[in-house]
Structures are given as C-alpha cells and as structure tokens.
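Order of appearance sets the numbers: ligands from 1, and atoms from 1 within every ligand. If you're wondering where the values come from, they're calculated on a predicted model, not measured in any experiment. Heads up: numbering here begins at 1 and tracks the sequence.
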Amino acid sequence: MRILVAGDRGYIGAVLVPFLQAAGHTVEGLDLGLYEGCDLGPGPEDIGLRPRIDMRDVEPRHCAGYDAVVCLAALSNDPVGHLNPSATYSINLEGTLRLGEAAKKAGVERFLFASSCSLYGAAGSQAVTEDAELFPVTPYGETKVLAERGLSLLADDSFSPTYLRNATAYGFSPRLRLDIVVNNLTAVAMTTGQVSLESDGSPWRPLVHVEDISRSFLAVLEAPREIVHDEAFNVGRAEDNVQVRDIAEMVRQAVPGSTVSLAAGAGPDLRDYRVDFSKLIGTFPELGLRWNVPDGVDELVRAYTDYNFTQDDFTSSTYVRLRRIQELLSAGLIDEMLRRQPTAQSVPSA
Ligand SMILES: NC(=O)c1ccc[n+]([C@@H]2O[C@H](COP(=O)([O-])OP(=O)(O)OC[C@H]3O[C@@H](n4cnc5c(N)ncnc54)[C@H](O)[C@@H]3O)[C@@H](O)[C@H]2O)c1
C-alpha cells in the first residue's frame with residue numbers, strides 16, 4: 001500500500017513508519033514539525049521529509065495517490081490541551097476533519113484515526129468496551145470524541161474511517177516523550193533514584209507499548225475493509241491495565257537502588273479507568289501484541305543508559321510536549337493557535 005502518515009515526526013510516528021515500511025508498504029509523511037530534534041539517540045529516519053504542512057491547511061492534492069491515510073497529528077496530551085483549548089480544538093478536531101475530507105475527496109478508501117482511551121474519562125470501575133458512554137474530562141479527550149463522530153459522518157461506500165483508541169503508550173521511540181507515565185517514572189528513577197508519586201498510586205491506567213500500537217495499525221490497514229469500516233477498537237492488552245503504584249514498583253525493580261514514595265491521602269484522580277480490549281483481539285486473533293510493562297521498562301533503562309540520559313535532559317524542554325510548545329511560543333516561532341509564523345522559515349531543532 002501507499003500510506004500517508006500525518007504526524008509521522010512524533011513519538012508514535014517515529015516507530016510506526018519504519019514498522020509499516022518493514023511490512024513492505026510505501027510510507028510518506030505530513031507534519032508541522034513541532035518536535036524536530038527532540039530525539040534520544042540518532043532520531044527518526046528521514047523518509048523524504050516534505051515541506052512542513054499544517055494539517056489545518058491540507059488539500060485533497062496532498063492525499064492523492066494514497067491507499068490509506070493515518071492521522072497521528074495532534075496536540076497529543078492533556079496538559080498541552082489545557083494550554084490553549086481553542087488550539088487543541090483547531091488541530092485535533094478541525095484539522096483532523098479537514099484531513100478526513102481531503103482524503104475522501106482524493107479517493108483514499110482507508111482512514112485510520114489515532115484516538116485515545118482518554119475519551120472514556122471518568123468511566124467508573126467497570127472495564128469499558130467500545131460502546132460504553134464517553135465521559136471525557138479534558139479538552140483533549142473531548143476533541144477525540146468529536147473527531148470520531150465527525151469522521152463517522154464521512155463514512156460511506158468509498159471511505160472507511162477506523163478509530164484506534166490507544167491506551168497510554170510507553171516504550172522507546174527515537175522521538176522520545178517523557179510526559180507519559182512509564183517513560184517518565186523510569187527516567188525519574190534513573191536520574192534521581194527516587195520515584196515520588198503525586199497520588200496514592202491507586203488510579204488505574206491502561207497501557208500499551210508503542211510497537212504494539214504500530215502492530216495494531218498495520219493489522220487494521222491490511223484487514224478486509226468490511227471488518228474495520230467505521231469501527232472503533234480499544235488498542236492495548238488486558239494485562240496492561242495497571243495501577244500507577246504497580247508501575248512505580250516495576251520501575252523500582254528495574255532500576256537498582258531506586259525507591260518509591262506515595263502521596264498518601266492525595267485527592268482523587270479523574271483519570272481512573274480500566275479498558276476492555278477483547279474486540280481488538282477477537283477481530284485480529286493473529287495480532288500477537290507482545291510487550292508487557294516490565295519489558296518496556298527494561299528497554300527504556302537500556303536506552304537511557306546507552307544514550308547517556310542525564311538529569312539536565314530530564315528537566316529540559318526536549319522530551320516534554322508542553323515545555324517544547326511553550327518554548328516555541330516564547331520564541332515567537334508559533335502563535336497562540338500553534339500556527340507557524342511566516343517569518344520562521346523553520347522550527348529550530350531542540
Ligand atoms: N502517546 C500516547 O500515549 C497516545 C495515547 C493515545 C492516543 N495518542 C494519539 O496518537 C497520536 C500520536 O501521538 P504521539 O504520542 O506520537 O504525539 P506527538 O506529540 O509525539 O506527535 C504528534 C505529531 O503531530 C504533529 N502535528 C501537530 N499538529 C499538527 C498539525 N496541525 N499539522 C500537522 N502535524 C501536526 C507534531 O509536529 C508531531 O510530530 C496523537 O493523535 C495522540 O493523541 C497517543
């Protein structure tokens with residue numbers, strides 16, 4: 001297949017693109033380039049980088065000739081969403097729908113949307129299936145709900161959107177992110193020796209390794225159209241619904257000499273939910289998701305060691321999406337809607 005990946009220059013894209021290429025597909029990218037140079041190690045492979053394109057300006061001609069479009073491009077987590085909710089709506093909702101419409105007009109049949117389990121929000125104690133009611137608790141979660149609904153309105157005989165509701169990712173990517181829980185706690189333990197949780201560690205989090213996300217996207221791309229047409233799939237493994245204190249304990253075991261402290265009596269955390277992943281496994285019995293959290297922590301420990309990750313790296317803007325965006329804003333390289341400024345020919349590397 002010829003596949004266009006929007007948001008290919010981010011954390012998941014840097015793993016997904018080589019994964020799709022290794023499966024024999026031709027992949028091209030479309031990205032605003034907010035995180036260029038924000039790398040641990042040699043960085044993502046250059047796949048013939050095109051001029052930086054804002055998904056909000058995309059035209060059908062950008063999508064012409066592809067068999068599938070994958071939309072990873074987004075402001076990708078809750079703290080960034082809170083920075084400026086209207087920018088989050090503009091990119092995650094209007095930008096996503098513009099890309100969907102452009103793809104459909106260009107005759108692209110498949111559209112994979114990187115949605116998120118965070119759209120379940122305050123879901124209660126039951127593990128949520130895809131048909132559960134959605135209670136997003138952040139602007140980021142709201143945009144994922146609305147983008148799915150908008151894409152669904154485009155679904156017809158010629159256009160098949162699929163919504164991959166990813167659990168929180170973990171694991172090494174050359175375009176690393178540290179604002180996600182497993183990557184963060186492992187880095188804290190390695191640079192300070194002490195994991196201090198801001199909660200009592202009781203909230204549940206569904207997790208999934210970034211390579212297993214890629215494996216799931218590949219399976220959907222290669223599936224017969226009728227089984228993925230206008231369907232949502234939770235992406236993750238039942239075993240990786242874990243409590244934050246369990247993650248901290250896995251990290252403690254993997255990082256010699258590190259300790260864990262919990263903030264007993266801390267306030268409730270609204271993001272506390274478990275997710276049912278049986279539809280994904282039932283639809284793709286051969287999928288073979290293979291990573292578990294302890295293996296992912298070991299992988300991160302090796303990468304942080306091999307690339308001499310330091311406390312300065314940890315406190316820098318390089319690996320934290322919110323800090324990087326604030327840095328670009330302060331430098332006047334993007335405006336408050338996160339549009340690149342005409343004077344800025346390129347967003348500088350970190
Ligand atoms: N990482 C996770 O834990 C996780 C979990 C669930 C869902 N997701 C979703 O998966 C997708 C990818 O996540 P990620 O962790 O790789 O995020 P990321 O922030 O690392 O990458 C997002 C990419 O999108 C690009 N981008 C942003 N706005 C753009 C625009 N207007 N036009 C073109 N490109 C734009 C950025 O430059 C960046 O390269 C996102 O949609 C995110 O919401 C991620």
Side-chain angles (χ1 to χ4, degrees), residues 4-17 29-39 43-44 49-58 62 69-81 87-99 102 112-120 136 138-145 147-148 163-171 173-184 205-210 212-214 216-217 234-236 240 271 275 296 318-325 328 334 337-340 347 350:
L4 177 66
V5 178
D8 64 301
R9 311 292 294 169
Y11 170 72
I12 295 176
V15 175
L16 174 70
V17 168
L30 181 159
D31 200 298
L32 191 53
L34 293 174
Y35 311 114
E36 285 310 308
C38 297
D39 304 326
L49 194 58
R50 304 199 297 180
R52 294 187 171 115
I53 297 174
D54 192 317
M55 177 169 66
R56 291 168 288 184
D57 301 326
V58 84
H62 294 117
V69 170
V70 175
C71 180
L72 302 175
L75 292 187
S76 57
N77 68 353
D78 294 328
V80 182
T88 300
Y89 269 79
S90 140
I91 294 178
N92 293 12
L93 179 56
E94 290 152 33
T96 299
L97 295 185
R98 185 170 174 122
L99 183 65
L112 272 57
F113 175 54
S115 188
S116 166
C117 287
S118 69
L119 47 60
Y120 296 118
T138 60
Y140 169 77
E142 288 162 14
T143 61
K144 293 292 181 187
V145 174
E148 283 194 13
Y163 324 107
L164 291 102
R165 296 178 178 170
N166 301 292
T168 298
Y170 65 89
S173 158
R175 188 141 288 169
L176 189 71
R177 278 181 65 180
L178 291 184
D179 46 17
I180 37 185
V181 62
V182 177
N183 298 4
N184 178 281
R205 286 278 186 289
L207 300 171
V208 62
H209 192 278
V210 60
D212 279 341
I213 292 180
S214 304
S216 306
F217 274 69
N234 295 332
V235 175
D240 293 337
R271 293 175 308 145
V275 174
T318 308
Y319 306 110
V320 176
R321 296 296 179 246
L322 181 60
R323 285 190 212 141
R324 168 71 171 164
I325 285 179
L328 297 176
I334 55 175
M337 292 304 286
L338 276 53
R339 284 194 167 275
R340 282 202 303 125
V347 176

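Contacts of Ile53 with ligand 1, taken as heavy-atom pairs under 4.0 Å, involve the backbone alone. For Ile91, every heavy-atom contact with ligand 1 shorter than 4.0 Å involves the side chain, none the backbone. Only the backbone of Ser115 comes within 4.0 Å of ligand 1, counting heavy atoms alone; no side-chain atom from C-beta on gets that close. With a 4.0 Å cut-off on non-hydrogen atoms, Ala167 touches ligand 1 through its backbone and not its side chain. Only the side chain of Arg177 comes within 4.0 Å of ligand 1, judged by heavy-atom distances.
Nearest to atom 36 (C) of ligand 1 by heavy-atom distance, out of Leu119, Leu32, Asp31, is Asp31. The closest non-hydrogen atom to atom 32 (N) of ligand 1, taken over Arg56, Met55, Arg340, comes from Met55. Scanning Tyr170, Phe113, Tyr140 for the heavy atom closest to atom 8 (N) of ligand 1 points to Tyr140.
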Any chance you could lay out the side chain to side chain donor-acceptor pair (under 3.5 Å) test for Arg321 and Tyr11, step after step, and finish with the verdict? CA-CA 10 Å; Arg321 296 296 179 246; Tyr11 170 72; over 6 Å; no
Determine, stepwise, if the pair Asp54 / Arg339 fulfils salt bridge (Lys or Arg N to Asp or Glu O under 4.0 Å). CA-CA 8 Å; Asp54 192 317; Arg339 284 194 167 275; 3.7 Å; yes
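Each of Val181, Val182, Val210, Asp212 was scored for a side-chain contact (heavy atoms from CB on, under 4.5 Å) with Tyr170, with one residue passing: Val182.
Using 4.0 Å as the threshold, Arg175 has no heavy atom nearer than that to any atom of ligand 1.
At under 3.5 Å, not a single nitrogen or oxygen of Gly13, backbone or side chain, sits near a nitrogen or oxygen of ligand 1.
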